[in-house]
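Reading through the structure tokens given below for one structure.
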There are 2 protein chains.
Amino acid sequence: MKATIKDVARVAGVSPSTVSRALHGSDRISEPMRRRIQQIAREMDFHPNQMARSLVNRETRIIGIVFPDDAGMNLGNPFYPAVLQGLGHAASNERYQMLLITGSKEIPAAEAARAAMDSGYVSGLILLTAEDAPPLEANVPVVVIGHPTDADKRCYVDNNNVQAAYDAAKHLLENGHRSIGLLGFESKYVFTADRRRGVQQALQEAGLQLNHAWLFPAGACRTQAERLREVFAQPQRPTAVVCMDDLMAIELARTLRGFGLLVPQDVSLISFNNTELGRYHQPALTTIDVHPYQLGVKAMQLMLEILSGKTAPPAAIDVPFTLIPRDSVIKLNTGSKTHA
Amino acid sequence: MKATIKDVARVAGVSPSTVSRALHGSDRISEPMRRRIQQIAREMDFHPNQMARSLVNRETRIIGIVFPDDAGMNLGNPFYPAVLQGLGHAASNERYQMLLITGSKEIPAAEAARAAMDSGYVSGLILLTAEDAPPLEANVPVVVIGHPTDADKRCYVDNNNVQAAYDAAKHLLENGHRSIGLLGFESKYVFTADRRRGVQQALQEAGLQLNHAWLFPAGACRTQAERLREVFAQPQRPTAVVCMDDLMAIELARTLRGFGLLVPQDVSLISFNNTELGRYHQPALTTIDVHPYQLGVKAMQLMLEILSGKTAPPAAIDVPFTLIPRDSVIKLNTGSKTHA
DNA sequence: TGAACGTATGAAAACGTTTGCACAATTTCA
DNA sequence: TGAAATTGTGCAAACGTTTTCATACGTTCA
């Protein structure tokens, strides 16, 4: 049986209240007494029962982490794990715990999240997706990772995806590309919509338009191989493509090779997420690191600040991204005959 | 303020005990009363406070999931996410929650796990790694995913990695390969040691030996490029390699191409983990699916059975693997002049 | 020397449940 | 018809803390 505060009190010959005070710093208690009790508690291997503490404090020191329903988890890219690590480190520094909330076939994530709130498991909720129509009428603070549609009323942490894609496109333009495609656009994901907008902006500033025929969904290499082949068979084909993820870029590179097109000689590629695999790909991918670890850290820090009252609810944090130039983008000799 | 059981009791004109009984099925209570109370509870949106329940029941319905320290998470392969999904689904079916326990720079995972136990957060612990010298003197049940060294005293869920690697090697042998290398061996990981053993067994049965010069660590393509080059420059080079992960196989394929060797024409590759990327690789990878999702499901189920007393502590579960033949292994014409 | 005050401690209530026991009401049996 | 068994309900204790309030003791000051 684990020692309780009463056991410690009995051994120390004091009351439970005194023990409680001794262990939680702050309060009115004499220094020698504090030391003595802490010593005894240590010897008895006493650890306060958190359930009991939560009950009286009405605060669990547990943050619920809500995973998206559509199992974005098995994307096969290290985005979620990295975010999770960031969250975990920031939480454990403040001795907070994380409750994993995943949906299942029977119970969607939103419902599971609600249940966790209702039954008092969590003091806060962090949503790993901006898409899940997250509950706004929550009775605990909610922080979103990503860009919610009703951003103004919310707490969220995100990259500036418009800017990131703008920079990506700009990078291509500066390298002489004027025919730019986009791989991985999925209207249901706000971040891909944002990125599309960024690309569009950069093109417009250069007096160009985003060619809708060059807009491909995530699985295009598998599901729209024919369409891809046609697009890249034309004389006026994209000389560069912005890919939503390194893995997509790698897939695309292979698909293009099937068409007799090489990266970067024939087509330049810039992608997102700076994965290991992209770094060691041949050619090494020019990519944008969105710093998922930082996304996690910041989200947790924001949550903790809200809980401690340091920050008031509608608050947004922007995590800077980094464009990493490598070998998958080539400088086009200007005066090229290919154009949009 | 959320409604408590007392509020419900007051509205229903009964005692809290009666409400409690009405909501938890089983006990002695009349059917009409039960219905009436359940109805009222629903109307009042009452949800029992789990902290209070845990306190009296001494059971939190929370399972701690311990991540490895060395952030194996950012391996970039979907192994952990898939396991997590399996765990999550199995847990939520039984209305259990998962507490994510990750180590940090300051606090190693093992310590964090101990803290979670000590402070009564969790009713059980599932370790996502067999390596972290997990606490055996735990005061809650512990289930390990992987093969712990002191397996006989433990509860664990694992593939038979010896057998899996044996089958992989056998597959190569049956295709006429007699010169077989191994990529990704790390003595600190039990599963790679197991797999090495499996390969060795298969080779021995065929009257062959595992050539130690053909044993490469995980990062070999990056860190031992020269050694690789030498090995594959020799006339008696491996005609096939067993890789610990699809990603390694892909990396190796690329590295070999740099040496002028093609997969599968010059070197056959068989790997583990059946990733998307491997499936769409050119050539499609022959790989072994270890069914990480199932690993998660089984681990959680085992935990739940132990908690309910249905299963007694030392219990092992073997999750079957699947060898998926694709295009990265080629049949060698027998009578080949290359041999070990 | 006594009043006023600060300081260290304890007693007890509270947090929201569950559950053993007692008890009343009803049914069953001889 | 009365005793015994069964059934449905309430009371109160318990789970392990924290915290408010009261109190006892030493100081300090007039």
task: Sort out for me which residue in B/Arg35, B/Arg36, B/Arg42 forms a side-chain hydrogen bond (donor to acceptor under 3.5 Å, both in side chains) with B/Gln39.
output: B/Arg42
- prompt: In whole angstrom, what separates B/His47's NE2 from C/dG16's P?
  reply: 15 Å
query: Nearest 0.5 Å, what's the OG1-CE distance between B/Thr4 and B/Met44?
result: 8.0 Å
- line: dist B/Phe67:CZ -> A/Gln85:CD (nearest 0.5 Å) comes out at 9.0 Å
Side-chain N,O (A/Ser20) to OP1/OP2 (D/dT18) below 4.0 Å: yes
- request: Figure out the CD/P separation between B/Glu59 and D/dA14, and round it to whole Å.
  value: 22 Å
query: Hey, which of these two, B/Met33 or B/Ala52, hits DNA chain D nearer its 5' end, going by closest nucleotide?
result: B/Met33
- request: Identify the residue among A/Tyr189, A/Phe191, A/Tyr156 that makes a ring-ring contact (aromatic ring centres under 6.0 Å, His included) with A/His147.
  value: A/Tyr156
task: Determine to 10° how strongly the helix from C/dT1-D/dA30 to C/dA30-D/dT1 is bent, judged from the axes of its five-pair ends.
output: 50°
Are there any protein N/O atoms within less than 3.5 Å of an N/O atom in nucleotides 11-14 of chain C, and if so, which ones and at what distance?
from: C/dA11; atom 1: N6; to: A/Ser17; atom 2: OG; distance (Å): 3.3

I'd like a list of close polar pairs between nucleotides 22-27 of chain D and the protein, N/O only, cut-off under 3.5 Å.
none

task: Check whether any side-chain nitrogen or oxygen of B/Asn57 sits under 4.0 Å from OP1 or OP2 of D/dA14, and answer yes or no.
output: no
- prompt: Rounded to whole angstroms, how far apart are CG on A/Asp7 and C1' on D/dC15?
  reply: 13 Å
statement: Tightest non-hydrogen contact, residues B/Asn160 and B/Asp318, listed as N-OD1, 3.1 Å
- line: To the nearest angstrom, the CG-P distance between A/Leu55 and D/dG16 comes to 12 Å
message: Is B/Ser54 close enough to D/dC15 that one of its side-chain N or O atoms is under 4.0 Å from OP1 or OP2 there?
response: no
- prompt: Just checking A/Met51: base, sugar-phosphate only, or nothing, at a heavy-atom cut-off of under 4.0 Å?
  reply: nothing
- prompt: Do you know the tightest heavy-atom contact between B/Pro16 and B/Ala9?
  reply: N-CB, 3.6 Å
- prompt: Between atom CD1 of A/Ile65 and atom CG of A/Leu100, what is the distance when rounded to the nearest 0.5 Å?
  reply: 7.5 Å
- request: Please state how far atom CG in A/Asp118 lies from atom P in C/dG16, giving the value in whole angstrom units.
  value: 15 Å
- prompt: Does B/Thr18 make a side-chain N or O approach to OP1 or OP2 of D/dG10 shorter than 4.0 Å?
  reply: yes
query: Can you name the closest pair of heavy atoms from B/Ala3 and B/Phe46 and give their distance?
result: O-CD1, 3.3 Å
- prompt: So which nucleotide from D/dG10, D/dT9, D/dT18 ends up closest to the side chain of A/Ile5?
  reply: D/dT18
statement: In B/Val66, B/Leu125, B/Ile126, B/Ile306, the residue satisfying side chain to side chain contact (heavy atoms under 4.5 Å, CB included) with B/Val142 is B/Leu125
message: It should be established whether B/Arg58 places a side-chain nitrogen or oxygen under 4.0 Å from OP1 or OP2 of nucleotide D/dC15.
response: no
- request: Using whole Å, report how far CZ of A/Arg53 lies from C1' of C/dG16.
  value: 18 Å
- request: Mind calculating the distance between CD1 (A/Ile29) and C1' (D/dT19) to the nearest angstrom?
  value: 14 Å
message: Please give me the minimum heavy-atom distance between A/Val290 and A/Val319, naming the atom from each residue.
response: O-CG1, 4.1 Å
message: Please report the distance, rounded to the nearest Å, between CG in B/Leu23 and C1' in C/dG16.
response: 13 Å
- line: What one should report as the nearest heavy-atom pair of B/Leu302 and B/Cys155 is CD2-CB, 4.2 Å
query: What's the shortest heavy-atom distance between B/Ala41 and B/Leu23, and which atoms?
result: CB-CD2, 4.1 Å
